[in-house]
There are 2 protein chains.
Amino acid sequence: MSGYDDSREEGEDREESVETIHRELTAFARRARSTAARMHPELSLVAFTLLAHLADQRGCRATDLAAHYMLDKSTVSRQVAALEKLGFVERRPDPDDQRVQVLHPTPSGYEVLTTAHARRQEVFRRRFADWPQDDLTRFAEYLVRFNEASVAYDASAS
Amino acid sequence: MSGYDDSREEGEDREESVETIHRELTAFARRARSTAARMHPELSLVAFTLLAHLADQRGCRATDLAAHYMLDKSTVSRQVAALEKLGFVERRPDPDDQRVQVLHPTPSGYEVLTTAHARRQEVFRRRFADWPQDDLTRFAEYLVRFNEASVAYDASAS
DNA sequence: CACGTGTGTTGTAATATACAACCATTCGAA
DNA sequence: TTCGAATGGTTGTATATTACAACACACGTG
């Protein structure tokens with residue numbers, strides 16, 4: 001690790017790292033759904049994400065959800081309908097615009113989020129138990145940096 | 001960054017890092033499909049992953065794919081059928097066991113992988129252009145470590 | 001007012017997936 | 001050696017997720 005192995009080009013190291021990063025991120029993405037299912041069995045990953053966004057934003061419109069997650073409005077409509085049926089979301093009229101429904105998590109919806117958050121923290125806490133804080137901090141920082149670059153790229157590509 | 005801010009518990013830093021890591025990984029997973037679609041428009045993420053695994057393993061059985069990716073054998077069967085129809089996979093009999101089909105990428109399948117690999121390298125290369133090699137190496141290492149822990153956890157949980 | 005735009009729902013179709021039933025082959029034990 | 005259990009794979013069926021299109025209703029501006 002120290003010094004420079006001149007039997008390798010610098011670019012080979014980069015390529016190998018990039019390859020590993022891609023492989024591991026993809027592996028994670030593949031597991032995301034089943035992981036999510038364990039974390040909050042009552043909700044699909046999408047439904048959960050939408051609900052979490054509502055909590056994050058202190059309520060928002062279906063259109064906003066669709067735009068933010070690049071989903072069709074019909075998809076959001078049905079997901080929200082399901083969430084409402086489960087009692088996790090309520091629709092409030094927008095006094096300024098009768099077309100709009102402002103979506104909010106219900107108390108029961110907040111409870112689901114809180115429970116999932118606790119469970120997630122617990123699982124991740126165990127999983128990261130032997131990681132020094134420095135590594136955790138750096139890992140988080142790398143991910144943020146990577147995603148910022150990706151979002152910028154996605155925006156320019158579409 | 002230097003020193004220790006004693007207005008915060010050590011655990012708060014950890015929790016915040018863990019939260020960030022989870023959020024960013026989830027954000028990545030959400031984008032994975034559309035990213036994959038850009039990288040290899042002719043194949044779904046699953047189909048591509050299976051094909052890549054075949055190349056990785058120099059051929060393997062459908063059952064191995066199912067086990068490795070936690071998919072039902074019927075799902076794999078149909079995905080493989082689609083890949084075969086596209087001419088990216090061929091089935092070879094196993095001389096030792098007539099039940100088994102050993103799956104291999106065809107030349108055309110390898111070509112798809114090579115092209116996708118090149119495109120991916122290019123995109124990631126640009127995305128990581130301003131990352132020092134040290135950070136790349138560490139990022140890759142973190143992801144590997146994280147996924148190893150996750151796989152171990154998944155195994156123990158199921 | 002009328003028309004174009006924005007918000008949301010419903011009909012329809014495509015796709016992905018799991019589960020179950022099934023067939024062919026293999027393996028092991030009586 | 002023969003039969004039953006296990007293994008590898010396919011197909012039928014059901015469900016879920018998603019997008020696109022058509023629609024209904026509300027808003028705002030000419």
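So that the names make sense, note that chain A is the first sequence line, chain B the second, and so on, each numbered from 1. Heavy-atom basis, side chains included; hydrogens, waters and symmetry copies ignored.
Here the side chain of Arg14(B) pairs a donor or acceptor atom with the backbone of Phe128(A) at under 3.5 angstrom.
Scanning for salt bridge (charged side-chain N to carboxylate O under 4.0 Å, His left out) contacts around Glu42(A) gives an empty result, with sequence neighbours left out. With sequence neighbours excluded, the residues forming a ring pair (Phe, Tyr, Trp, His ring centres under 6.0 Å) with Phe48(A) are His40(A), listed by chain and number.
The phosphate of dA19(D) has OP1 or OP2 within less than 4.0 Å of a side-chain N or O from Thr75(A).
A salt bridge does not link Arg23(A) with Glu19(A): every distance from a Lys NZ or Arg NE/NH1/NH2 to an Asp or Glu carboxylate oxygen is 4.0 Å or more. Salt bridge annotation for Arg145(A)-Glu148(A): absent, with no cationic side-chain nitrogen under 4.0 angstrom from a carboxylate oxygen.
Between Trp131(A) and Phe146(B), the ring centre distance reaches or exceeds 6.0 Å. Taking the centre of each ring, Phe88(A) and Tyr110(A) stay at or above the 6.0 Å mark.
Computed from coordinates, the Gln101(B) CD to dT7(D) P distance equals 18 Å when rounded to whole Å. Residue Asp72(B) contributes atom CG, which lies 16 Å from atom P of dG12(D) at whole-angstrom precision. Taking atom CZ of residue Arg61(A) and atom P of nucleotide dC27(D), one finds them 13 Å apart after rounding to whole Å.
Side chains of Cys60(B) and Leu65(B) form a contact here, defined as non-hydrogen atoms less than 4.5 Å apart.
Judged by distance alone, the side chains of Asp13(B) and Gln133(A) never bring a donor and an acceptor atom under 3.5 Å apart. Counting only N and O atoms by type, the side chains of Glu141(B) and Thr137(B) include no donor and acceptor under 3.5 Å apart.
For the segment residues 40-48 of chain B, the set of residues with a heavy atom within less than 4.0 Å of an atom of DNA chain C comprises Ser44(B), Val46(B), in numerical order. For the segment residues 78-99 of chain A, the set of residues with a heavy atom within less than 4.0 Å of an atom of DNA chain C comprises Arg78(A), Arg91(A), Arg99(A), in numerical order.
Using a 4.0 Å heavy-atom criterion, one finds that Thr63(B) contacts the sugar-phosphate atoms exclusively.
Taking every nucleotide of DNA chain C with any atom under 4.0 Å from a non-hydrogen atom of chain A, the first and last of them, 5' to 3', are dG6(C) to dT12(C).
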Residues 71-78 of chain B, side-chain donor-acceptor partners within the protein, below 3.5 Å, at least two apart:
from     : atom 1 : to       : atom 2 : distance (Å)
Asp72(B) : OD2    : Ser74(B) : N      : 2.9
Asp72(B) : OD2    : Ser74(B) : OG     : 2.6

